Amino acid sequence: MSANIKHVRERIAEAAHTAQREPSEVTLVAVSKTKPLEMIQIAYNLGIRHFGENRVQEALSKIEVFHPADLIWHMIGHLQTNKARKVVSAFDIVQSVDSLHLARTLDRLLAEEATDQEPGRLPILLEVNVASEASKTGVTLTDIPDLARQVATLPHLEIRGLMTVAPQVEDLEEVRPVFRALHEARDHLRDEILGPTCTELSMGMTNDYVIAIEEGATIVRIGRAIFGARAYT
Ligand SMILES: *Cc1c(COP(=O)(O)O)cnc(C)c1O
């Protein structure tokens, strides 16, 4: 795993330089879904501090036993509102907010848990289905401004940016316009609606993270290139 992480970090640095960006502008989230806790601990000992999971139950079994203070757990999968309570208590950031209903549920649960010392603001990203694929969750590009305006009124959530999963394509270059569109949508949100805290662009996975970084990704979510292939998804 050490060689995998080194390789990924090198490619992140190269892609950043190609785009005249600093490698430190890109956060590497290691996607540990389906992988055992031991592998997460190895990655942590190799310097990884951000981990992503897409299933609540599976994630909780890991987070409850392994949550050092400097480890950030990212929820990256579609979330049913009946599991939202567990998510707000375990995860540090939810990247997959894809409806007002989910946002309101998270906000209400956070309000219940908030104290004066810890007002409880959860960083979130809005998940966008850029290519409007029927098989995917996420809001369309057109719906982002309205959703963002409404979510921005919820006191316990903070929209930090946008997230997308690019379509599966044969020619990798076909994902570039998707990433570019998300970048433009983030800029518009930041400049016209939300202000300077809306900085994140979570895009790029094992197959396409180099292109994503060239197109401005600030967060890449990488599973297989770090942990190896998965038996199931
Ligand atoms: C599984 C998953 C990833 C990581 O995919 P790899 O191809 O293994 O890098 C990234 N983002 C989301 C939302 C995922 O579900």
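Small disclaimer: the values here were computed from a predicted structure and weren't measured. Computed over heavy atoms, backbone and side chain alike; hydrogens, waters and symmetry mates excluded.
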**Request:** Output, in order, the C-alpha distance, side-chain angles, deciding distance and verdict of side-chain contact (heavy atoms from CB on, under 4.5 Å) for L100 and V151.
**Result:** CA-CA 7 Å; L100 184 60; V151 174; 4.1 Å; yes
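- Summarising the geometry of A217 relative to V26, their closest heavy-atom pair is O-CG2, 3.7 Å, with the distance given to 0.1 Å.
- Distance CZ/R9 to CD/E14: 14.5 Å, rounded to 0.5 Å.
- Of the inter-residue distances, the one linking I5 atom CD1 with F227 atom CZ reads 7.0 Å to the nearest 0.5 angstrom.
- Between E173 and R176 there is a salt bridge, since a side-chain N of the basic residue sits under 4.0 Å from a carboxylate O of the acidic one.
- Here M39 contributes atom CE and T34 contributes atom OG1; the two are 8.5 Å apart, rounded to the nearest 0.5 Å.
- The heavy-atom pair separating A90 from L60 by the smallest distance is CB-CD2, 3.4 Å.
- Sequence neighbours left out, the pairs with a member in residues 41-50 that pass side-chain hydrogen bond (donor to acceptor under 3.5 Å, both in side chains) are Y44-D70, R49-D70, H50-H74.
- Taking the six-membered ring where the residue is Trp, W73 and F51 present tilted rings, their angle falling between 30° and 60°.
- Looking only at atom types and distance, the side chain of N54 has no donor-acceptor partner in the side chain of H78 under 3.5 Å away.
- Between atom CD of residue E214 and atom CZ of residue F179 there is a gap of 10.5 Å, rounded to the nearest 0.5 Å.
- Atom CD1 in I76 sits 7.5 Å away from atom CD in E53 (nearest 0.5 Å).
- No chain of hydrophobic side-chain contacts below 4.5 Å, direct or via other Ile, Leu, Val, Met, Phe, Trp or Tyr residues, connects I93 to L106.
- Taking each heavy atom of I226 and A30 in turn, the nearest pair found is CD1-CB, 3.9 Å.
- For K136 and E127, the salt-bridge test fails: no basic side-chain N is under 4.0 Å from an acidic carboxylate O.
- Within the structure, the side-chain hydrogen bond (donor to acceptor under 3.5 Å, both in side chains) test picks out the following pairs touching residues 80-90 (sequence neighbours left out): R85-E112.
- With a 4.5 Å cut-off on side-chain heavy atoms, H17 and P23 count as touching.
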Only distances under 3.5 Å count here; give the side-chain donor-acceptor pairs of residues 159-170 to other protein atoms, sequence neighbours excluded, each with its distance to 0.1 Å.
| from | atom 1 | to | atom 2 | distance (Å) |
| --- | --- | --- | --- | --- |
| R160 | NE | E158 | OE1 | 2.8 |
| R160 | NH2 | E158 | OE1 | 3.1 |
| T164 | OG1 | V128 | O | 2.6 |

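- For the pair R108 and T105, the minimum side-chain heavy-atom distance is below 4.5 Å.
- A search for side chain to side chain donor-acceptor pair (under 3.5 Å) contacts involving D107 returns nothing, not counting sequence neighbours.
- Two residues are said to be in side-chain contact when any heavy atoms from C-beta on lie closer than 4.5 Å; M205 and R224 fail this criterion.
- Every residue was checked against the ring-ring contact (aromatic ring centres under 6.0 Å, His included) condition with H183, not counting sequence neighbours, and none meets it.
- Donor-acceptor pairing under 3.5 Å is lacking for the side chains of S132 and N129.
- Counting heavy atoms from C-beta outward, L182 and V178 have side chains that stay 4.5 Å or more apart.
- By the criterion of side-chain heavy atoms lying less than 4.5 angstrom apart, applied directly or through intervening Ile, Leu, Val, Met, Phe, Trp or Tyr residues, V139 is not grouped with L125; the two fall into different hydrophobic clusters.
- Under a 3.5 Å cut-off, the side chain of R21 and the backbone N or O of A15 do not form any donor-acceptor pair.
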What's the verdict on salt bridge (charged side-chain N to carboxylate O under 4.0 Å, His left out) for K6 and E10, showing C-alpha distance, side-chain angles and the deciding distance? CA-CA 6 Å; K6 186 162 176 275; E10 280 166 8; 3.3 Å; yes
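- Linking Ile, Leu, Val, Met, Phe, Trp and Tyr whenever their side-chain heavy atoms come within less than 4.5 Å puts L122 and V87 in one cluster.
- Ion pair E58/K33 not flagged as a salt bridge, since none of the NZ, NE, NH1 or NH2 atoms sits closer than 4.0 Å to an Asp/Glu carboxylate oxygen.
- A donor atom on one side chain and an acceptor atom on the other are found under 3.5 Å apart for E200 and T218.
- Follow the hydrophobic side-chain contacts under 4.5 Å out from I72 and you never reach I222; the two are in separate clusters.
- Taking 4.5 Å as the limit, some side-chain heavy atom of I40 sits within range of a side-chain heavy atom of K62.
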Using residues 189-196 as the side-chain source, report each donor-acceptor pair under 3.5 Å to any protein atom, sequence neighbours left out, with the distance given to one decimal.
| from | atom 1 | to | atom 2 | distance (Å) |
| --- | --- | --- | --- | --- |
| R190 | NH2 | D187 | OD1 | 3.4 |

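- Interatomic distance, E25 CD to I219 CD1, rounded to the nearest 0.5 Å: 13.0 Å.
- In terms of heavy-atom proximity, N4 sits nearest to A225 at CB-O, 3.2 Å.
- Shortest non-hydrogen contact noted between A181 and V130 is CB-CG1, 4.0 Å.
- Annotation: side chain of V94 is not in contact with side chain of L102 (no heavy-atom distance under 4.5 Å).
- Considering only heavy atoms from C-beta on, L79 comes within 4.5 Å of M75 through its side chain.
- Hydrophobic clustering (side-chain heavy atoms under 4.5 Å, transitive across Ile, Leu, Val, Met, Phe, Trp, Tyr) keeps Y209 apart from V31.
- Residues S202 and Q95 have side chains that bring a donor and an acceptor to within less than 3.5 angstrom of each other.
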Query - Check against side-chain contact (heavy atoms from CB on, under 4.5 Å), I12 and I213 - result: CA-CA 7 Å; I12 289 174; I213 292 166; 3.8 Å; yes
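- The closest side-chain heavy-atom distance from L147 to I144 is not below 4.5 Å.
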